[in-house]
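Within every chain, numbering begins at 1; the chains are lettered A, B, ... in the order of the sequence lines, protein sequences first and strands thereafter.
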Amino acid sequence: MSNQVRVRFAPSPTGYLHVGGARTALFNWLYAGNQGGKFILRIEDTDEARNTPEAMAAILDGLRWLGLDWDEGPEVGGDRGPYYQSQRKGIYDAYLAQLEAADRVYTEENGAVRFKFSREPITIPDLVCGDVALAGTEEPDMTLRRPDGSYIFHFVNVVDDIEMGITHVIRGEDHLSNTWKHIDLFHAFGKTPPVYAHIPLILNPDGTKMSKRDQGASVVSYMDAGYLPQAVFNYLCMLGWTPKAETEKLSAREMATLFDPKQIHSANARFDEKKAVWFNAQYLRELPQDELYALARPFLVKEGFSIQNEDMAARAVYSVREKISLLGELKGWTHYFFNEDYPYEAEVVTKLNAKTENKALLQAAAETFASMNQWDETSLHDALEKTAAAQSVKAGALMPLLRFALTGQNRGPGVTTILDLVGKDSSLRRIERTLQTV
RNA sequence: GACCCCUUCGUCUAGCGGUUAGGACACAUCCCUUUCACGGAUGCGACACGGGUUCGAUUCCCGUAGGGGUCGCCA
């Protein structure tokens with residue numbers, strides 16, 4: 001038996017992957033990476049009534065999206081399987097027999113089997129909370145097996161941790177209060193309990209408990225909003241853990257190198273969407289054009305944009321990469337690239353009509369464009385400078401007007417970039433429509 | 001009700017008896033700038049409260065308050 005670190009994430013497939021669960025998985029994964037150990041995925045599906053294949057898939061998808069690959073588990077295998085508790089009944093029966101032989105269980109009239117607590121004081125050694133000393137319990141003996149023969153969480157959890165050679169249990173603090181029961185079971189089996197690290201919970205921004213219904217509780221909601229997995233990964237890790245590093249923006253690999261469960265803060269943490277968004281913006285703007293576009297394209301399609309030219313679309317998205325923080329914000333920044341019938345924002349209409357000479361300026365620019373043979377940013381820039389000079393205004397006065405005309409908005413990429421991307425014909429049509437309608 | 005965990009700027013946190021209590025996000029102002037952003041600079045802003053221990057408490061101990069959790073034939 002080696003002394004290699006073995007950690008596990010043991011979700012129950014009763015719903016989607018919760019951010020709290022994701023963070024637990026993240027910390028386990030980091031610790032395995034840090035220690036050169038194994039990260040094991042075990043599915044705790046003993047409650048047949050509540051488990052669904054959809055939930056199962058959602059959890060695996062969520063973990064994969066975050067980049068949390070497991071060394072042993074579903075679809076990967078391993079020599080300590082099966083990794084579904086629903087397939088391990090024989091193992092549990094054998095372990096229960098051990099307890100029967102040791103006279104640590106008794107069967108009730110209806111067939112339920114209960115474990116006789118030792119009722120000795122128990123100390124939980126915890127990497128995050130420190131030693132937690134408990135007096136001997138006065139709780140009723142706990143049920144291990146239901147009358148129908150199925151087993152209860154505490155029992156299968158301990159049996160599997162023994163069988164799978166789990167050395168460290170990193171899990172949510174909601175399990176801390178039950179851990180003495182697990183330790184009692186380990187002792188009853190004559191085993192040494194694993195090292196525990198109970199991590200604090202994630203709370204809503206208002207400090208209340210984050211439950212299934214709350215905003216941002218599901219990992220899927222981050223995918224839908226246009227978060228990048230590396231940003232969610234990074235942010236979730238910084239919730240309760242601050243590495244000794246110059247920056248908080250770290251790759252999964254860097255975090256694994258630095259990770260130490262003893263450094264996890266022991267207080268619950270509130271979810272801060274602003275900071276999560278900030279992380280996302282950081283990762284977003286460092287993506288090369290093709291990678292960004294690959295991720296962004298589904299969002300454009302979802303908005304119903306008609307993409308005529310993939311290269312132009314990719315460049316359009318790339319041109320606003322520093323303006324957005326989430327891919328879901330793409331719509332408001334790129335719709336006019338894909339549709340010439342864009343609306344004119346009220347502020348734009350007001351500004352265009354503020355001065356009578358504005359339309360004359362636009363007309364002059366249109367005439368210049370119409371006469372151009374070269375259509376690239378440099379030529380466009382020169383042409384605009386000359387047009388402005390000819391009209392006795394600064395380029396700074398002409399640019400905003402063109403932006404209004406070309407996009408209907410007062411924000412966006414550089415005007416020459418827009419002109420270049422939409423092309424000469426479309427640029428002229430856009431200006432003409434503006435002159436006619438506004 | 002019993003037991004357990006927790007408490008530093010608005011938020012995430014550093015701190016492990018002596019610090020001008022540091023950083024990040026957010027916010028504000030300024031700079032840059034054809035817009036919006038990015039970026040840069042500066043600023044605002046915290047040790048829950050009350051007792052101890054100590055020459056000296058954010059730091060150690062006790063209590064109070066507040067928050068969270070557990071006490072299932074759920075996981």
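- Spacing between atom OH of A/Y151 and atom P of B/C74 amounts to 15 Å, rounded to whole angstrom units.
- Residues of residues 231-253 of chain A having a heavy atom closer than 4.0 Å to RNA chain B, listed by number: A/M238, A/L239, A/G240, A/T242, A/K244, A/E248.
- Of the residues in residues 380-399 of chain A, those with a non-hydrogen atom less than 4.0 angstrom from any atom of RNA chain B are A/G396, A/M399.
- For the residue pair A/R146 / A/S150, a side-chain donor-acceptor distance below 3.5 Å is found, with atom types taken as modelled.
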Where do N or O atoms of nucleotides 39-45 of chain B meet protein N or O atoms at under 3.5 Å, pair by pair?
from, atom 1, to, atom 2, distance (Å)
B/G39, OP1, A/R285, NH1, 3.3

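- Salt-bridge check for A/R88 with A/D45: failed, with every basic side-chain N at 4.0 Å or more from each acidic carboxylate O.
- Phosphate contact (OP1/OP2 of B/A75, side-chain N/O of A/R171, threshold under 4.0 Å): absent.
- Put simply, the side chain of A/S325 never gets that close to the backbone of A/A281: no donor and acceptor are under 3.5 Å apart.
- Neither OP1 nor OP2 of B/G72 sits under 4.0 Å from any side-chain N or O of A/R114.
- Residues forming a side chain to side chain donor-acceptor pair (under 3.5 Å) with A/S177 (at least two apart in sequence, or on another chain): none.
- Across all strands shown, B/C16 remains unpaired; no Watson-Crick or G-U wobble contact has both distances below 3.5 Å.
- For A/R321 and A/Y318, the positive end sits near the middle of the six-membered ring, less than 6.0 Å away and at most 45° from its axis.
- Here B/G69 presents its P atom at 21 Å from OH of A/Y196, a figure rounded to the nearest Å.
- The nearest whole Å value for the distance from the NE2 atom in A/H265 to the P atom in B/G23 is 18 Å.
- Position along RNA chain B of the nearest nucleotide to A/D131 versus A/L203 favours A/D131 as the more 5'-ward residue.
- A/T417 and A/E377 are linked by a side-chain donor-acceptor pair at a separation below 3.5 angstrom, with hydrogens and angles left out of the test.
- Protein atom CG of A/L201 is 19 Å distant from nucleotide atom P of B/C4, rounded to whole Å.
- Remark: the A/R270 side chain and the B/U11 base include no donor-acceptor N/O pair separated by less than 3.5 Å.
- Near-neighbour residues of RNA chain B inside residues 330-353 of chain A, defined by a heavy atom below 4.0 Å, number-ordered: A/W333.
- Distance, A/I122 CD1 to B/U70 C1': 15 Å, rounded to whole Å.
- Summarising the geometry, the separation between CZ on A/R146 and P on B/G72 is reported as 14 Å, rounded to the nearest angstrom.
- Closest contact between the side chain of A/E322 and the listed nucleotides B/U11, B/U34, B/C38 involves B/C38.
- Among all heavy-atom pairs drawn from A/T123 and A/P125, the shortest one is O-CD, 3.4 Å.
- Using atom P as the reference point in both B/C55 and B/A28, the two lie 49 Å apart (nearest Å).
- We find that NZ of A/K275 is positioned 9 Å from P of B/U13, with the value rounded to whole Å.
- Both A/A10 and A/A276 sit near RNA chain B, but only A/A276 has its closest nucleotide nearer the 5' end.
- Taking atom C1' in both B/A21 and B/G15, one finds a spacing of 8 Å when rounded to whole Å.
- The phosphate of B/A75 has OP1 or OP2 within less than 4.0 Å of a side-chain N or O from A/T46.
- Listed by residue number, A/E173, A/D174, A/H175, A/L176, A/S177, A/N178, A/K181 are the residues of residues 172-188 of chain A with a heavy-atom contact under 4.0 Å to RNA chain B.
- Taking atom CG on A/D45 and atom C1' on B/C74, their separation rounds to 14 Å, with Å as the unit.
- B/U11 is paired with B/A24 under the Watson-Crick or G-U wobble criterion, all donor-acceptor distances under 3.5 Å.
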